[in-house]
Amino acid sequence: MGSRILLLSIGAIVSAIAVIVFQAPFNIAPGGISGVAIILNSLFALPIGIVILIGNIPIQLIAYRMMGGWRVIAATLYAVVLYSILIDVLTPYFPPQGVSDNVLLNALFGGIISGIGSGLIYRAGGTMGGTSTIGRILQQRKGIPLSTSILYTDSIVIALAGIVFGWEGALYAILALYVGGAAADYVLEGPSVIRTAVIITDLPRDVADAIIGGLGRGVTAWEGTGMFTDTPRTVLYVTISRSQVNSLRRAVQQIDPRAFIVIGQGHSAYGHGFQEPNPKELRAEI
């Protein structure tokens, strides 16, 4: 529990700094309630944190009624309240013009830092509220994919930013939104350090022995049928590290030059030879 609160707190602090230093001074509004708050701050000088807090009240009340009570939204409530308060409390302690006059740099770093903060909050089981919560409600109630609903709602906010700040401002907001999503994914899933390989071969035993003996990786096999020739084929599946891709390709082609190999990308693997699951993290997700 303590580690979750720590992650939520750090995520809220980092996200607040992203808004204060990089986004708000240059009217970069990359979607969500935060984007709406930046637009209203520019038009009417309304405090960004208060607008975010007020905007989340009806959304979280709906989430409370439709998603199972306070236990489901407790982490999000904590993150949103802390995030909102920190934006208004910390703003006077930072230069109002930000740290750079380059809008592109501010869009990039604002998105990256905001994404890191969001990723930490997601890892702790919360969200940034606003469109993220709306997306989860639509996913649960209507079966709409989370990414689709967030894309629609964020697109509306970015369109408003384009009307208020000009379409160049909307382009910067899209850039910040994209790099923020990439940074959040990196925090959640880590770097892409593993590869998966599907191998279709007429010499499955020999190929599997070469992989097991030469690369030290386990191999799974199942029977398939080539639909073009209607002949039975054996399919091998193996998970390897990124540095082993060329070694795998050479090992397979030396034994069966006619083998068909597909290399896929993965973020992490758990089990023998890779990461072992952390029991504390598993308990934190329950």
Side-chain angles (χ1 to χ4, degrees), residues 7 108 111-112 115-116 118-120 122-125 132 135-136 139-140 143-152 174-175 177-286:
L7 277 179
L108 288 172
I112 291 170
I116 291 171
S118 299
L120 292 172
Y122 292 145
R123 286 197 65 167
S132 299
R136 284 196 171 181
Q139 180 189 41
Q140 188 177 93
I144 300 173
L146 184 63
S147 58
T148 301
S149 56
I150 292 177
L151 175 64
Y152 289 156
I174 293 171
L175 178 62
L177 184 64
Y178 176 79
V179 298
D185 287 342
Y186 188 92
V187 171
L188 278 170
E189 301 175 357
S192 176
V193 296
I194 66 164
R195 297 293 183 265
T196 59
V198 175
I199 306 164
I200 301 173
T201 175
D202 292 324
L203 303 170
R205 185 71 263 175
D206 294 335
V207 170
D209 287 344
I211 294 171
I212 294 170
L215 278 70
R217 297 300 186 188
V219 182
T220 299
W222 65 85
E223 296 302 318
T225 302
M227 299 306 293
F228 184 74
T229 60
D230 203 30
T231 56
R233 305 294 298 273
T234 299
V235 181
L236 303 179
Y237 178 86
V238 58
T239 302
I240 56 176
S241 65
R242 185 167 53 188
S243 62
Q244 293 178 308
V245 170
N246 288 331
S247 298
L248 173 74
R249 180 175 53 81
R250 285 194 296 267
V252 173
Q253 290 180 340
Q254 284 175 0
I255 295 170
D256 184 3
R258 295 174 59 85
F260 185 76
I261 308 170
V262 178
I263 304 295
Q265 179 172 295
H267 283 282
S268 57
Y270 296 91
H272 180 70
F274 292 94
Q275 301 181 63
E276 294 297 330
N278 187 332
K280 292 183 178 179
E281 289 185 0
L282 293 176
R283 288 196 294 269
E285 295 295 328
I286 298 175

What residues, two or more places apart in sequence or in another chain, satisfy side-chain contact (heavy atoms from CB on, under 4.5 Å) together with F260?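 With neighbours one apart ignored, the set is I200, V262.
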Please report the shortest heavy-atom distance between [X] and [Y], naming the atom on each side.
X: A208; Y: L236; answer: N-CD1, 4.2 Å
X: G111; Y: V179; answer: CA-CG2, 3.7 Å
X: G119; Y: L188; answer: O-CD2, 3.9 Å
X: R123; Y: L7; answer: CB-CD1, 4.4 Å
X: A259; Y: V252; answer: CB-CG1, 3.6 Å

What pairs meet the salt bridge (Lys or Arg N to Asp or Glu O under 4.0 Å) rule with one or both residues in residues 227-236, with sequence neighbours excluded?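 Only D202-R233 qualify under salt bridge (Lys or Arg N to Asp or Glu O under 4.0 Å).
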Looking at residues at least two apart in the chain, or sitting in another chain, which of them share a side chain to side chain donor-acceptor pair (under 3.5 Å) with [X]?
X: T239; value: none
X: T229; value: T231
X: S247; value: none

Going from [atom1] on [X] to [atom2] on [Y], what distance comes out if it is rounded to the nearest 0.5 angstrom?
X: R242; Y: Q265; atom1: CZ; atom2: CD; result: 8.0 Å
X: I263; Y: R249; atom1: CD1; atom2: CZ; result: 9.0 Å
X: L203; Y: R258; atom1: CG; atom2: CZ; result: 10.5 Å

Do D256 and I199 touch side chain to side chain, with heavy atoms closer than 4.5 Å?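 D256 does not reach I199 side chain to side chain.
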Heavy-atom check, side chain of L215 versus side chain of I240, under 4.5 Å: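 Yes, at least one pair of side-chain atoms sits under 4.5 Å.
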Per-pair distances, 0.1 Å, donor-acceptor, side chain in residues 218-226, under 3.5 Å, sequence neighbours excluded:
from : atom 1 : to   : atom 2 : distance (Å)
E223 : OE1    : T234 : OG1    : 3.3
E223 : OE2    : T234 : OG1    : 3.3

